[in-house]
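Values in this document were obtained by computation on a predicted structure and should not be read as measured data.
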Amino acid sequence: MDWPPFLQLSVPVTLAVWVVVTAVTLWRSRTRLPEAGPALTTPPGEEPPAVVSLMVNRWRSDEDAIDSTLLDLAARGFLELRQPGDDPAETTVRLRKGDGRSLTPYEQQVLDRVQKLAVGGEASLTSLAFRSWSEARRWRGAFYREVIEEARTRGLSRPRLSRRIRHTLLGAALVPAACMFASWMWVATQLHAGLSDQITGSLIGAGAVFLVMYFVVELRWSDRNTPQGMRVAAEWLAYRAHLVAMEGVTDLAPADVASWGREMAFASALGVLPTEEALMRSRVAL
């Protein structure tokens, strides 16, 4: 078959242009971290540890956010972590009344998990781990969505692709989809297919092309910092430098939150606690 000039390369050319434009848009909207200023010796803001954790991890889900939330609940008196022996793996968590401040939905989610598995008001850290991967995935997803929602409410993050950009990309995706429809119709006509078969096949081809591009645009991309978020992230990275330089942080066990307070929760949120020492990661971070 001799293809009409306007159809011969219409689909690959328009699709390639769309892919390039989308790739450039995603690259320009990627999350960046600011340079940290001089080390700060005190927490620079009122942001919760979970928000801080996602902020310094470019808004990607990170298990430190869950670990630090549980430690923060203990530091604020909602939970009590006890280590009866020399092995931190024996640490237990006991429910308490807290400091009177209201909880965010994701903090309540962690507290509900402890309450659900506690016997006589107490549970071991090891018992908090999920046995089902699917259940853990749902739990984590709900947790991270609530943290992101709070960060957006605080003006620290925003969707990576704005509504206007998403609509523009989806509108542009109609061009290769229309070219696919026209190409399929022409081929079906040359093969003397029935009109209903021509339309059905063309719609399926065009729909398949558009659907792939739709999922690319509407994929759950990580957030990006707002200008305020960049400033706050720089301050928290400066505080992280102080925690890294402190002696004894790498030797902390979960129960040490009783003496360290929220500083230990922020150390976990900022990734200062090493993986092999952060028992919360393997036992609670699901």
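Between R96 and G77, the shortest heavy-atom distance links the atoms CB-O, 3.1 Å. A234 and P34 make their closest contact through N-CG, 3.5 Å (heavy atoms, listed as atom of the first residue, atom of the second, distance). Nearest heavy atom pair, residue A36 against residue L237, reads CB-CB, 3.6 Å. The minimum heavy-atom distance between G37 and A238, with the atom names listed, is O-CB, 3.7 Å. When all heavy atoms of P254 and L81 are compared, the closest pair comes out as O-CD1, 3.4 Å. For I165 against L161, the heavy-atom pair with the smallest separation is CG2-CD2, 4.1 Å.
Rounded to the nearest 0.5 Å, atoms OG (S132) and CZ (R137) are 11.5 Å apart. Atoms CZ and CG, from F78 and L73 in turn, are 7.0 Å apart once rounded to the nearest 0.5 Å. Interatomic distance, L54 CG to R60 CZ, rounded to the nearest 0.5 Å: 10.0 Å. Here the NE2 atom belonging to H242 is positioned 9.0 Å from the CG atom belonging to L40, to the nearest 0.5 angstrom. For the atom pair L15 CG and M213 CE, the distance stands at 6.0 Å (nearest 0.5 Å). One distance of note links CG of L252 with CE of M246; it measures 8.5 Å at 0.5 Å rounding.
F130 carries R113 over the face of its six-membered ring, with the cationic atom under 6.0 Å from the centre and within 45° of the normal.
Of the charged side-chain nitrogens involved, none lies within less than 4.0 Å of a carboxylate oxygen, so that D112 and K116 do not count as a salt-bridged pair.
Looking at heavy atoms from C-beta onward, I66 lies out of side-chain contact with L70 at the 4.5 angstrom threshold. Between R58 and L33, the closest side-chain pair of non-hydrogen atoms falls below 4.5 Å. Using a 4.5 Å cut-off on side-chain heavy atoms (C-beta onward), V114 and L95 make contact. Residues L117 and L128 have side chains in contact (heavy-atom distance under 4.5 Å, counting atoms from C-beta outward). The shortest distance between side-chain heavy atoms of R94 and L79 does not fall below 4.5 Å. Contact of the R166 side chain with the E218 side chain is registered, since non-hydrogen atoms from C-beta on lie closer than 4.5 Å. When side chains are defined from C-beta on, R138 counts as touching S134, because their heavy atoms get closer than 4.5 Å.
Linking ILVMFWY residues whenever their side-chain heavy atoms come closer than 4.5 Å, directly or via other members, places F210 and F215 in the same cluster. When the side chains of ILVMFWY residues are joined at heavy-atom separations under 4.5 Å, either directly or via intervening members, Y214 and L219 end up in a single hydrophobic cluster. L26 is connected to V21 through a chain of hydrophobic side-chain contacts under 4.5 Å among Ile, Leu, Val, Met, Phe, Trp and Tyr, so both are in one cluster.
Under the 3.5 Å distance criterion, the side-chain polar atoms of N57 are left unmatched by any main-chain donor or acceptor of W59. When atom types are taken as modelled, the side chain of R160 and the backbone of T31 share no donor-acceptor pair closer than 3.5 angstrom. A donor-acceptor pair under 3.5 Å links the side-chain atoms of Q109 to the main chain of W139, judged by distance alone. Without hydrogens or angle criteria, Y239 side chain to G45 main chain gives no donor-acceptor distance under 3.5 Å. Proximity of a side-chain donor or acceptor of R240 to a complementary backbone N or O of L270 within less than 3.5 Å is detected. Distance alone, capped at 3.5 Å, places no donor-acceptor pair between the R82 side chain and the E80 backbone. Using modelled atom types, no side-chain atom of S53 and backbone atom of P49 make a donor-acceptor pair closer than 3.5 Å. The backbone N or O of A123 sits nowhere less than 3.5 Å from a side-chain atom of S127 that would complete a donor-acceptor pair.
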Quick one, L125 with T92, criterion side chain to side chain contact (heavy atoms under 4.5 Å, CB included). Give me CA distance, side-chain angles, the key distance, then yes/no. CA-CA 6 Å; L125 287 184; T92 61; over 6 Å; no
Starting from the C-alpha separation in whole Å, work towards a yes-or-no answer on side chain to side chain contact (heavy atoms under 4.5 Å, CB included) for L243 and E263. CA-CA 9 Å; L243 293 175; E263 194 167 34; 3.8 Å; yes
Where do M55 and V147 land on the side chain to side chain contact (heavy atoms under 4.5 Å, CB included) test, with the steps shown first? CA-CA 10 Å; M55 184 187 306; V147 178; over 6 Å; no
Take R145 and R220 through the side chain to side chain contact (heavy atoms under 4.5 Å, CB included) test and state the conclusion after the steps. CA-CA 11 Å; R145 284 194 295 273; R220 191 174 293 169; 3.6 Å; yes
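Annotation for R32: atom CZ counts as buried by contact number, over 12 foreign heavy atoms lying within 6.0 Å. Within 6.0 Å of CZ on R30 lie more than 12 heavy atoms contributed by other residues, nucleotides or ligands.
The list of ring pair (Phe, Tyr, Trp, His ring centres under 6.0 Å) pairs with a residue in residues 253-273, not counting sequence neighbours, reads W236-F266. Residue pairs meeting the side-chain hydrogen bond (donor to acceptor under 3.5 Å, both in side chains) criterion with at least one member in residues 149-159, sequence neighbours excluded: Y106-E150, E150-R154, R152-D223, S157-D223.
In this model, no donor atom of one side chain and acceptor atom of the other lie less than 3.5 Å apart for E107 and T69.
Cluster partners of V175, using a side-chain heavy-atom cutoff of under 4.5 Å among ILVMFWY residues and allowing indirect links: none.
F181 pairs in a side-chain contact (heavy atoms from CB on, under 4.5 Å) with only one of the listed residues (L203, L174, V11), which is L203.
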